[in-house]
Amino acid sequence: MVFLDPARLADLLTRLAEIDWGASRPALVAKLSPDVDDALVERLVTTLLDARIDGIAIANTTRERPADLHDANAAEAGGLSGRPLFAASTAMLARVRELTGERVTLIGIGGIASGADAYAKIRAGATAVQLYTALIYEGTALVTAIKRELARRLRSDGFGSVAAAAAAPAI
Ligand SMILES: Cc1cc2nc3c(=O)[nH]c(=O)nc-3n(C[C@H](O)[C@H](O)[C@H](O)COP(=O)(O)O)c2cc1C
């Protein structure tokens with residue numbers, strides 16, 4: 001939570017930039033919480049761009065509890081992941097894309113359980129996706145299914161690559 005403070009985030013990024021990695025500097029990717037308002041998203045993204053971050057991952061689990069969530073789950077503590085996170089995290093991804101343009105790699109995360117979900121993240125500006133919760137329910141065979149469906153959707157919309165779809169105007 002401390003790094004939701006842009007000044008402290010900037011300080012951390014400065015310290016990371018001072019590390020001598022030699023020839024093998026790893027890519028630096030920051031992951032955003034979905035529980036920030038638009039003004040703070042703008043400040044955090046500006047801080048990350050100023051530090052020349054390599055990538056931004058959107059988003060982590062949420063402390064919010066959507067109104068349509070089953071009561072039993074609504075009462076649970078901790079970060080919520082999976083389907084209830086999809087819409088908000090995809091909207092946030094699109095907003096971050098607006099702010100960054102093509103300057104950094106964006107990784108779309110939150111509620112992906114199908115090729116259609118992965119495609120929606122890509123059309124919102126992600127060139128890579130990550131999933132966690134759906135893997136728990138469906139196992140690793142889901143990755144193959146997602147890749148097939150994604151390839152089909154890319155082809156049918158006339159895209160030759162994920163990057164081309166991510167760069168196209170949002171839908
Ligand atoms: C059990 C569990 C543990 C997680 N641990 C981490 C973690 O250590 N670091 C992190 O950045 N995100 C962590 N996450 C968040 C996921 O990487 C992901 O951002 C989030 O679950 C949304 O994706 P999903 O809807 O596909 O699960 C965790 C999620 C779950 C469900």
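Start at 1 and go down the list; that is how both ligands and their atoms are numbered. One is the number of the first residue; the rest follow in order along the sequence.
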Asker: Could you tell me whether Asp5 and Arg43 make a salt bridge, using a distance below 4.0 angstrom between a side-chain N and a carboxylate O?
Answerer: no
Asker: Say whether, by atom type as modelled, one donor and one acceptor occur between the side chain of Ser161 and the main chain of Ala164 under 3.5 angstrom.
Answerer: yes
Asker: Could you check if a side-chain atom of Leu80 sits within less than 4.5 angstrom of a side-chain atom of Pro66, using non-hydrogen atoms only?
Answerer: yes
Asker: Should the pair Arg65-Glu76 be classified as a salt bridge under the 4.0 Å nitrogen-to-oxygen rule?
Answerer: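 Here Arg65 does not pair with Glu76 in a salt bridge, since their nearest N and O are not under 4.0 Å apart.
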Asker: For ligand 1, what are the residues with a heavy-atom contact below 4.0 Å?
Answerer: Lys31, Ala59, Asn60, Thr61, Ser81, Gly82, Leu85, Ile109, Gly110, Gly111, Gln130, Leu131, Tyr132, Thr133
Asker: How far does NZ of Lys31 sit from CZ of Phe3, to the nearest 0.5 angstrom?
Answerer: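 Those atoms lie 16.0 Å apart.
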Asker: Please say which of Glu98, Lys121, Arg123 ends up in a side-chain contact (heavy atoms from CB on, under 4.5 Å) with Leu93.
Answerer: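 Result for side-chain contact (heavy atoms from CB on, under 4.5 Å) with Leu93: Lys121.
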